[in-house]
Amino acid sequence: MKMTLMGTGTSHGVPVIACNCAVCSSSDPHDTRLRCSALVEHENLNLLIDVGPDFRAQALRHKICRLDAVFITHSHADHLHGIDDLRIFSHKNSAAMNCNRKLRSKYPETRGEGLPVYTSGRTKGYIHERFPYIFVDHDKGGGIPKLNLISFDNNDEKNPLELGESSSNQLQVVPIPMLHGNHHTDGFVFSYVNSAGIKKGIAYLTDCNFISDESIERVKKSGGQIEHLVIDALREEEHSSHCNFAQAMGYAQRIGAKHTWFTHITHEKNHVQICNYIEENLHKYPDLQKIVLAGGSVAPAYDGLVLVS
């Protein structure tokens with residue numbers, strides 16, 4: 001299983017528009033961060049996590065030619081408002097296109113119910129409210145996304161989503177309920193059983209400032225050996241709806257992944273400064289420090305980082 005972090009920045013992205021700070025002016029590519037999104041690849045599956053306003057650029061950069069499903073963490077614009085660009089991967093024709101035999105032949109409508117989009121029932125409602133044109137028939141113009149919204153509210157570590165054609169190589173996905181200020185959001189644990197019979201996983205927990213004990217246990221039970229934890233770590237100072245660096249390290253210590261990666265990072269510190277912060281404060285988290293001394297790591301993620309489990 002492979003996860004590519006296509007965006008690791010906050011809702012503004014980095015550089016921030018109209019900002020001339022040292023980070024936004026940095027020539028270090030680690031300091032250029034698109035809005036958060038990730039691509040998960042396993043066997044013949046291509047899965048997208050979040051489809052923000054930078055998705056088109058991310059898809060071109062990483063040469064995404066096929067998607068089998070999309071996972072949406074929550075309804076904020078920086079994680080959702082690139083949804084129209086999903087029509088490349090699945091679309092339905094307008095009445096005008098269907099009436100034109102040449103157009104209908106050149107741009108055939110996607111068969112079936114459309115691209116599966118997994119999200120919470122709450123977020124499904126927001127998607128219908130904000131993008132109503134996707135879910136109604138229309139007379140004119142080109143295609144629109146053909147999406148099959150599927151709720152994962154009834155899925156947990158005892159009833160994971162199972163994706164893939166072969167039962168021996170299936171990918172399991174478990175949603176992780178979290179709080180993002182007063183907004184509900186979901187992280188995900190992706191896991192599989194390798195050829196040696198060992199379950200390995202990657203946990204992706206962006207946009208949160210509170211993870212309950214129950215959700216922490218769900219992460220640990222769902223992932224087997226968690227090779228990588230990707231976790232919201234906005235900045236050093238506290239924030240009303242995001243983990244700061246200290247909170248992220250505290251949760252990382254409890255989860256116990258081999259490698260921890262900060263994501264959803266703002267422009268207040270550059271990549272090197274965040275690395276220095278982690279090194280200077282790691283001793284406050286003795287269990288996390290033991291993991292690092294045994295060959296693990298804690299570091300800021302960056303756009304294009306590839307995680308393999």
key: Trace of the salt bridge (Lys or Arg N to Asp or Glu O under 4.0 Å) decision for D68 with R66   = CA-CA 7 Å; D68 298 293; R66 193 190 81 252; 2.9 Å; yes
Linking I/L/V/M/F/W/Y whenever any side-chain heavy atoms sit under 4.5 Å apart, do [X] and [Y] land together?
{"X": "F210", "Y": "I216", "value": "yes"}
{"X": "L229", "Y": "Y251", "value": "yes"}
{"X": "W261", "Y": "I202", "value": "yes"}
{"X": "L147", "Y": "I72", "value": "yes"}
{"X": "I226", "Y": "L205", "value": "yes"}

Student check: side-chain heavy atoms of [X] and [Y] closer than 4.5 Å:
{"X": "P300", "Y": "I278", "answer": "yes"}
{"X": "P286", "Y": "Q253", "answer": "yes"}
{"X": "I150", "Y": "V117", "answer": "no"}
{"X": "C243", "Y": "C208", "answer": "yes"}
{"X": "Q58", "Y": "L60", "answer": "no"}
{"X": "V298", "Y": "E279", "answer": "no"}
{"X": "K221", "Y": "V174", "answer": "no"}

Answer yes or no: is there a donor N or O on one side and an acceptor on the other, between the side chain of [X] and the main chain of [Y], under 3.5 Å?
{"X": "D31", "Y": "H271", "answer": "yes"}
{"X": "N244", "Y": "L234", "answer": "no"}
{"X": "S37", "Y": "I49", "answer": "yes"}
{"X": "D54", "Y": "A57", "answer": "no"}
{"X": "N194", "Y": "A196", "answer": "yes"}
{"X": "T8", "Y": "R33", "answer": "no"}
{"X": "T10", "Y": "G13", "answer": "no"}
{"X": "E217", "Y": "E214", "answer": "no"}
{"X": "H62", "Y": "M6", "answer": "no"}

Validation row, ring centre [X] to ring centre [Y] under 6.0 Å:
{"X": "H79", "Y": "H264", "value": "yes"}
{"X": "F152", "Y": "Y118", "value": "no"}
{"X": "F245", "Y": "F262", "value": "yes"}

Work out which heavy atom in [X] is nearest to a heavy atom in [Y]; give both atom names and the distance.
{"X": "V173", "Y": "F190", "value": "CG2-CD2, 3.7 Å"}
{"X": "S222", "Y": "S191", "value": "O-OG, 3.3 Å"}
{"X": "S309", "Y": "Y192", "value": "O-OH, 2.7 Å"}
{"X": "G7", "Y": "T263", "value": "O-OG1, 4.2 Å"}
{"X": "L115", "Y": "L67", "value": "CD1-O, 3.4 Å"}
{"X": "L5", "Y": "A38", "value": "CD2-CB, 4.0 Å"}

Partner of E109 under side chain to side chain donor-acceptor pair (under 3.5 Å), picked from K92, K146, H91, is K146
**Criterion side chain to side chain donor-acceptor pair (under 3.5 Å) against D207, the qualifying member of H74, H76, H242, H183** =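 Going through H74, H76, H242, H183 one by one, the side chain to side chain donor-acceptor pair (under 3.5 Å) with D207 is satisfied by H74 alone.
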State whether the number of non-hydrogen atoms from other residues, nucleotides or ligands found under 6.0 Å of [X] atom [atom1] is greater than 12.
{"X": "K199", "atom1": "NZ", "answer": "yes"}
{"X": "D287", "atom1": "CG", "answer": "yes"}
{"X": "E238", "atom1": "CD", "answer": "no"}

Separation between CG (D84) and CZ (F55), nearest 0.5 Å, reads 11.5 Å
Output for pair (R35 CZ, D50 CG), nearest 0.5 Å, gives 12.5 Å
Looking at Y126, I'd like to know if the NZ or CZ of R130 sits under 6.0 Å from its six-membered ring centre while staying within 45 degrees of the ring's axis.
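Positive - R130 is close enough to the ring of Y126 and near enough to its axis.
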Item to check | Passing option when L34 is tested against V14, D78, D303 for side chain to side chain contact (heavy atoms under 4.5 Å, CB included) | outcome: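 By the side chain to side chain contact (heavy atoms under 4.5 Å, CB included) criterion, L34 pairs with just one of V14, D78, D303: D303.
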* Asked: Could you walk me through whether N100 and Y107 pass the side-chain hydrogen bond (donor to acceptor under 3.5 Å, both in side chains) check?
  -> CA-CA 10 Å; N100 185 313; Y107 303 106; over 6 Å; no
